[in-house]
A.B. asks: 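The structure under discussion is supplied below as structure tokens; questions concerning it will follow.
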Amino acid sequence: TCTKEKWAEIIHSLRAHYSGSIVCVGAATEMNLVPELRDLVETVSEVKEATISRAKYPLVNLVGQTKLSDLFGILLKADLLIGCDSVALH
């Protein structure tokens with residue numbers, strides 16, 4: 001698995017090179033991770049002296065709010081999937 005810091009780097013890079021929303025999904029037990037990621041992404045952006053608008057490229061938090069069946073619709077609309085080796089990917 002990736003550390004929170006590595007995920008922040010990935011999110012920062014996606015925001016710097018691509019447009020669109022970044023959607024986070026996961027189990028209810030992971031709900032605290034997205035606010036932490038938001039803070040880490042801002043720190044990474046500051047360190048890299050890059051200003052990337054949150055409003056333009058939002059980090060959408062659906063963690064703990066979706067069922068497995070909801071993921072099909074989310075993934076159908078996605079241009080890219082980056083994730084850990086989890087049940088959702090299988």
A.B. asks: Return the set of residues passing side chain to side chain donor-acceptor pair (under 3.5 Å) with Lys6 (not counting sequence neighbours), or none when no residue passes.
C.D. replies: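 Listed in chain order: nothing, the list is empty.
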
A.B. asks: Could I get the full list of side chain to side chain contact (heavy atoms under 4.5 Å, CB included) partners for Ala27, not counting sequence neighbours?
C.D. replies: Thr29, Glu30

A.B. asks: Can you sort out the partners of Lys77 under side chain to side chain contact (heavy atoms under 4.5 Å, CB included), two or more places apart, ordered by chain and number?
C.D. replies: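 Checked Lys77 against side chain to side chain contact (heavy atoms under 4.5 Å, CB included); zero matches.
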
A.B. asks: For the atom pair NE2 (His17) and NE2 (His12), what is the distance rounded to the nearest 0.5 Å?
C.D. replies: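 Here the rounded value is 8.0 Å.
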
A.B. asks: Transitively linked via ILVMFWY side-chain contacts under 4.5 Å: Leu33 with Ile11?
C.D. replies: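 No, Leu33 does not connect to Ile11 through the hydrophobic network.
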
A.B. asks: Please identify each residue that fulfils side chain to side chain contact (heavy atoms under 4.5 Å, CB included) with Leu80, with sequence neighbours left out.
C.D. replies: Leu14, Ile82

A.B. asks: How far does CD of Glu36 sit from CD of Glu5, to the nearest 0.5 angstrom?
C.D. replies: 9.5 Å

A.B. asks: Quick check: closest heavy atoms across Cys24 and Val34, and the distance to 0.1 Å?
C.D. replies: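 So the minimum-distance heavy-atom pair works out to CB-CG2, 3.8 Å.
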
A.B. asks: Output all residues satisfying side chain to side chain donor-acceptor pair (under 3.5 Å) with Asp79, sequence neighbours left out; order by chain, then residue number.
C.D. replies: none

A.B. asks: Rounded to the nearest 0.5 Å, what's the gap from CD1 on Ile10 to SG on Cys2? Could you check?
C.D. replies: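 SG of Cys2 is found 4.5 Å from CD1 of Ile10.
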
A.B. asks: Would you give me the side-chain donor-acceptor pairs under 3.5 Å for residues 62-75, sequence neighbours excluded?
C.D. replies:
{"residue": "Gln65", "atom": "NE2", "partner": "Asn61", "partner atom": "O", "Å": "2.9"}
{"residue": "Asp70", "atom": "OD2", "partner": "Lys67", "partner atom": "N", "Å": "2.7"}

